[in-house]
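A short write-up of the structure that comes next.
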Amino acid sequence: MFLKFKDEVSSVLTKALTDAGLEADDLALDESPHADISSSVAFRLAPKFKKSPKQICEAIHKHVKILPDSYIDRAEATGPYINFFASRTYLNETVLRVLLDRENFGNLNNSGKVILEHTSANPDGPLHIGHIRNSVIGDTLARILKRAGYDVETQYYINDMGRQIAVVVWGLMNFKFDATKKKDHAIADVYIAANKTLVDEKEHSPEVDAIMKQYEIGDSDTKRKFKNAIDTAMEGIEQTQDRMNIHHDKFVWESQFVRTGDVKKMMDRVKKLENTMLKDGAFMVDLKEAGIEKPLVIQRSDGTSLYTTRDLAYHEWKATQCDRMIDILGADHKLISSQLKAVLRILGLREPEVVIFEFVSLPEGSMSTRRGVFISADELLDEVKKAAYSEVSKKRPETDEEFRQKVAEFVSIGAVRYDIVRVSPEKATTFDWAEAVDFEKQGSPFIQYAHARACSIIKNAKDEGITFEEFDAGVLLEDQETALIKKLAGFENAIDTAARELKPNLIAIYARELADAFNQFYRYVPVISAEPEFRASRLALVECSRIVLANALDTLGIVAPESM
RNA sequence: GGGCUCGUGGCUUAGCUUGGAUAUAGCGCCGGGCUUCUAACCCGGAUGUCGAGGGUUCGAAUCCCUCCGGGCCCGCCA
């Protein structure tokens, strides 16, 4: 609705400019506290036409022609600004559109296949609080892109050729696997113990090298051991992701590209490039022309491949089956991903769009699965759930155990997801327990609560036989009502911008603002006890709010509860 | 040392790509509101040299340069 409104403003303004004998390539449209949409185009035209912005603005304003039934009510010239205000038609049609489209309201009609790779943590232990920043950003983006109309496939790239997995395999052969623990945690125990031993007793190192070599040549017994180790770890990782409402459509094993010969083909192709040179028996690509000083090694002197080589083959393969590739990567991958992109570019292959997120560190420093220094996602979720449980017990003492458990679970998942997604990815953060278990106002519980309140009104209305089969959105004239409707109308714009700019935090902000608008409406505008001429329309607006709150929460992967 | 990136009230944070009207919001602090659809709510108040300095511009949190501080990276690891 907002996008159509903006289009109308854009064409009305373009026409007015032409009629005024002016011309601008950028209309400088913006949302503003002074209007629904505002244009500062007069500033840009002032020097060219040698008049003051105010004079230009008045000249443009004189030529603004608004058609009947437009989403624009009026335009005002306020100093150098031209302000556009939304019409009643816009508000009324927004209400009708929400009720018609329901769970699809806000969806856009982009098309094409997107492969979005996220998380891809090494299967050597549980997901920790840094990994789930990747998961939450990736999963939320996938949900945003789906709403934007894309056919999205999420992939988890399993790095099974790296030394760390060989260490896990070696560890499983030499240390006890604690079957009473959650499997990914038990794998981490083995991995940590194995690493410690490998540092203390250097003589075991060749054993790990041998395992790696056996795996690279495809020895069947070794392959079985790797599969067992990885499946075990992944089972636990997937349990954690399931709990967080995150799932992957496909799990792609790095080794697949070695086995199919794609990695070999890729190495041969890269070797033929002018930028590639042979040095001490290893092949490396010079990337100076891409602004990267360090040459990238694509084949070791013993002829084997490296992580980046296999990643090149993976991206080449991905490109054949989609229109857009998006990778969610931690800040430690900045250089490697720009090297990857540079080589793909030189080869004339499609480059991925990369979303980089900064590190989550602990007060004492950065995390490391290998050293056993990390806070697992499971541990975080459990602690937050405890805090949520005590909160619901305090706030709803009349409820039973089952209700409290259920609420504590969806509140804690929501709180963790929201807390991660609300901050823009390029911000480095330091984890703090006190902050993590604190139920910040206007976080996820705030939005879930607004949804529960809307459901409550709808339920009470139903009990009293109040319906909104017949209503007139035109009677929704209170400030809180029009503000709320405008907010509802903005959902598609939030999806559109978030999808174009790959910024999931925009949806977090939008959801909070919508809940805010609903809560103000709730406080000041009675529904069930309202006069009959308002009752049905207000109830319809509550239903609209419920729908869009649910859609926004769904986009964030957060449960929209009927009661809490 | 080099590259990338971040720096916004006591704390957390939006806005920066595409420069425009009083810089966003929350926590915390001070004060007010439940016989009224769930108070996990609402209303009001105090708190800012937008890291520092310079430049571009009619106009800079936003663009450019220098510096300071934090983070990440710089391996024939992944």
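Per chain, numbering begins at 1; letters A, B, ... match sequence-line order. If you're wondering where the values come from, they're calculated on a predicted model, not measured in any experiment.
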Q) In the 5'-to-3' direction, what one-character label does each nucleotide of nucleotides 22-31 of chain B receive under the scheme B = base within less than 4.0 Å of a protein heavy atom, S = sugar-phosphate only, - = no such atom? A) B--SSS----
Q. B:rA21 base to A:N83 side chain: any donor-acceptor pair below 3.5 Å?
A. yes
With sequence neighbours excluded, what pairs up with [X] under the side-chain contact (heavy atoms from CB on, under 4.5 Å) test?
X      : value
A:D25  : none
A:M212 : A:R163, A:A166
A:K427 : A:R133, A:V423, A:S424
A:A210 : none

Q. Considering Watson-Crick and G-U wobble pairs with both distances under 3.5 Å, what does B:rG9 pair with?
A. none
Q: Both distances under 3.5 Å, Watson-Crick or G-U wobble: report the partner of B:rC29, or none.
A: B:rG45
Extract from the structure each pairing of a protein N or O with an N or O of nucleotides 59-68 of chain B at less than 3.5 Å, listing the distance.
none

Remember a base hit wins even if backbone is also touched, and classify [X] as base, sugar-phosphate or nothing at under 4.0 Å, heavy atoms.
X      : value
A:Q339 : nothing
A:V360 : nothing
A:S38  : base
A:K394 : nothing
A:R300 : base
A:V407 : base
A:S456 : base
A:R538 : nothing
A:F43  : base
A:F283 : nothing

Using the 3.5 Å cut-off, write out each protein N or O paired with an N or O of nucleotides 72-75 of chain B and the distance between them.
| from | atom 1 | to | atom 2 | distance (Å) |
| --- | --- | --- | --- | --- |
| B:rC72 | O2' | A:A331 | O | 3.1 |
| B:rC72 | O2' | A:D332 | N | 3.4 |
| B:rC74 | O2' | A:K294 | NZ | 3.3 |
| B:rG75 | OP2 | A:K294 | NZ | 3.0 |

**Q.** Closest to the A:M564 side chain, choosing from B:rA39, B:rA78, B:rA40
**A.** B:rA40
Q. Who passes ring pair (Phe, Tyr, Trp, His ring centres under 6.0 Å) against A:H451, sequence neighbours left out?
A. none
Q: With sequence neighbours left out, write down each residue that passes ring pair (Phe, Tyr, Trp, His ring centres under 6.0 Å) with A:Y510, or none if nothing qualifies.
A: A:F491
I'd like a table of donor-acceptor pairs (distance under 3.5 Å, sequence neighbours excluded) in which one partner is a side-chain atom from residues 353-363 of chain A, with atom names and distances.
| from | atom 1 | to | atom 2 | distance (Å) |
| --- | --- | --- | --- | --- |
| A:E353 | OE1 | A:R324 | NH2 | 2.8 |
| A:E353 | OE2 | A:R324 | NE | 2.8 |
| A:E358 | OE2 | A:K334 | NZ | 3.0 |

(Q) My understanding is that only residues two or more places apart in sequence, or in another chain, count here; which of them pass salt bridge (charged side-chain N to carboxylate O under 4.0 Å, His left out) with A:K51? (A) none
Below 3.5 Å is the cut-off: list the nitrogen or oxygen pairs between protein and nucleotides 13-18 of chain B, distance only.
| from | atom 1 | to | atom 2 | distance (Å) |
| --- | --- | --- | --- | --- |
| B:rA14 | OP1 | A:S424 | N | 3.0 |
| B:rA14 | OP1 | A:S424 | OG | 2.3 |
| B:rA14 | OP2 | A:K427 | NZ | 2.6 |
| B:rU17 | O4 | A:E501 | OE1 | 3.3 |
| B:rU17 | O4 | A:E501 | OE2 | 2.7 |
| B:rU18 | O4 | A:E501 | OE2 | 3.3 |

Q: Take atom P in B:rC76 and the same atom in B:rA61, then report the distance between them in whole Å.
A: 45 Å
